Amino acid sequence: MDIFDKIAKHMGPIGQHQKWSHGYFSFPKLEGEIAPHMQFKGKEHLVWSLNNYLGLANHPEVRKADEEAAAQYGMAYPMGARMMSGNSKFHEQLEQELAAFVGKPDAFLLNYGYQGMVSIIDTLVDRNDVIVYDAESHACIIDGLRLHMGKRFVYKHNDIESARKQLERATKLTQESGGGILLITEGVFGMSGAQGKLKEIVDLKKEFEFRILVDDAHGFGTMGKTGAGTHEAQDCIDGIDVYFGTFAKSMAGIGAFVASTEEITNFLRYNMRSQTFAKALPMPMVIGLLKRLELLKSRPELKDKLWEIAMTLQKGLRERGFDLGVTDSVVTPVFLKGELSDATALTFDLRENYGIFCSIVVYPVIPKGMIELRLIPTAVHTLEDVQRTLDAFSEVAEKLENGYYKENQFATA
């Protein structure tokens with residue numbers, strides 16, 4: 001079969017008669033925080049798809065720090081990889097502050113979150129090691145696993161008994177190979193909003209010898225008393241061997257970091273090929289991230305506001321009969337029954353007729369016949385935004401149940 005024919009077959013109904021309408025957002029030039037009301041194709045929309053948990057994306061102090069750093073250094077410096085000519089005292093300061101905040105001895109900056117996780121996995125294990133991982137791990141973890149030349153075993157999502165069985169299998173193999181075991185899970189699963197069972201996984205160390213790598217992209221800044229992450233929320237900081245967080249969510253920036261012992265982070269510094277041969281994070285980003293981290297630590301009211309919005313939204317949706325699955329974080333998934341054509345029509349209706357923009361998730365990420373609308377609350381949403389969204393969701397859910405979207409196929413171009 002021709003490669004283009006394979007692509008057309010793989011695309012299915014989307015490739016045949018559907019088209020996602022992306023359009024473009026225009027961001028208001030505000031002196032204060034970015035509001036979740038934005039222009040999309042010339043119309044104002046209330047947006048629930050911004051990875052801006054704490055509202056730092058356009059915070060005035062952040063904007064000032066970014067502006068001053070850009071004016072002083074430009075967007076290019078430092079001109080080189082960290083190991084060559086790309087290091088600075090600010091890069092090292094950010095690493096030290098991040099490590100202290102998440103409760104680890106040392107940290108290492110990464111240029112990107114997705115690529116960072118792929119490279120961490122590739123660097124930490126060799127063909128003699130075995131990886132045990134959660135079935136609903138993020139795509140960056142899955143792609144990292146594909147680079148692993150050794151064995152890997154998957155356990156049922158958040159199922160500790162299943163994890164135990166896979167650790168038993170892994171232990172038998174490593175006893176023969178002389179390798180080790182790396183268990184990978186997430187702090188907060190981005191699609192379902194469920195917390196990974198970190199504390200229970202740590203407890204398995206009493207039975208098995210293994211190390212734990214946690215991807216806490218959605219937990220860093222949102223979970224725990226201080227916002228240090230899901231391992232803080234579950235009181236198991238010391239049990240997590242390698243902690244990974246991104247700047248793309250709570251920090252409203254670019255890049256990521258990995259935190260562990262000095263020995264492990266130094267090993268990663270000198271062995272992660274994606275970082276060794278890559279230009280260092282530009283100075284304005286690093287200095288801007290220092291300001292973001294300062295605000296994250298010193299302004300607990302931002303996290304408090306985020307949780308107020310999230311809990312009000314989730315409570316209201318549940319009271320109206322919506323299925324939110326098992327979320328126990330601020331990530332708010334709404335599960336509905338319907339086909340792909342229903343999903344595209346419903347989201348188009350929400351966007352064009354109710355002025356609400358949110359992410360849509362369909363098969364194969366979730367089972368056929370299901371639709372997930374994923375809402376990302378932020379500290380800059382308001383209670384009025386929540387009420388408007390609850391009313392709109394009630395109306396479109398009724399339309400879906402009554403077959404309105406099957407009878408009225410919107411032009412989604």
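Since the model is a prediction, treat every value here as computed from it, not as a measurement. Side chains are part of it too, since the values below use all heavy atoms of this structure and drop only hydrogens, waters and symmetry mates.
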Just to verify, what does Arg146 make a salt bridge (Lys or Arg N to Asp or Glu O under 4.0 Å) with, not counting sequence neighbours?
Asp143

Side-chain polar contacts of residues 372-384 - donor-acceptor pairs under 3.5 angstrom, sequence neighbours left out - could you list them?
| unit_1 | atom_1 | unit_2 | atom_2 | d |
| --- | --- | --- | --- | --- |
| Arg374 | NH1 | Gly190 | O | 2.7 |
| Thr378 | OG1 | Val380 | N | 3.2 |
| Thr378 | OG1 | His381 | N | 3.3 |
| Thr378 | OG1 | His381 | ND1 | 2.9 |
| His381 | ND1 | Thr378 | N | 3.1 |
| His381 | NE2 | Val47 | O | 2.9 |
| Thr382 | OG1 | Glu384 | N | 3.4 |
| Thr382 | OG1 | Glu384 | OE1 | 3.4 |
| Thr382 | OG1 | Asp385 | N | 3.0 |
| Thr382 | OG1 | Asp385 | OD1 | 3.4 |
| Thr382 | OG1 | Asp385 | OD2 | 3.1 |

Which side chain to side chain donor-acceptor pair (under 3.5 Å) pairs, counting each pair once, include a residue from residues 277-289, with sequence neighbours left out?
none

Just list the side-chain donor-acceptor pairs under 3.5 Å for residues 248-260, sequence neighbours left out, or say none.
| unit_1 | atom_1 | unit_2 | atom_2 | d |
| --- | --- | --- | --- | --- |
| Ser250 | OG | Phe220 | O | 2.8 |
| Ser260 | OG | Asp241 | O | 2.7 |

Only residue of Val214, Val102, Leu110, Asp216 satisfying side-chain contact (heavy atoms from CB on, under 4.5 Å) with Phe244 is Leu110

The side chain to side chain contact (heavy atoms under 4.5 Å, CB included) partners of Ala100 (sequence neighbours excluded) come to none

Qualifying ring-ring contact (aromatic ring centres under 6.0 Å, His included) pairs with a residue from residues 288-346, counting only residues at least two apart or across chains:
none

According to side chain to side chain contact (heavy atoms under 4.5 Å, CB included), who are the partners of Ala69, at least two apart in sequence or on a separate chain?
Pro284, Ile287

More than 12 heavy atoms of other residues, nucleotides or ligands under 6.0 Å from CD of Glu209: yes or no?
no

Under the side-chain hydrogen bond (donor to acceptor under 3.5 Å, both in side chains) test, which residues partner Lys156, sequence neighbours left out?
none

side-chain hydrogen bond (donor to acceptor under 3.5 Å, both in side chains) with His138: which residues, sequence neighbours excluded?
none

Does the distance from a Lys or Arg side-chain N to an Asp or Glu carboxylate O, for Arg164 and Glu207, drop under 4.0 Å?
yes

Partners meeting side chain to side chain contact (heavy atoms under 4.5 Å, CB included) with Glu136 (sequence neighbours left out):
Asp134, His157, Phe189

Using side chain to side chain contact (heavy atoms under 4.5 Å, CB included) as the criterion, list what pairs up with Glu262, not counting sequence neighbours.
Pro105, Asp106

Could you give all pairs that pass the side chain to side chain donor-acceptor pair (under 3.5 Å) test and reach residues 64-76, with sequence neighbours left out?
Asp66-Arg292

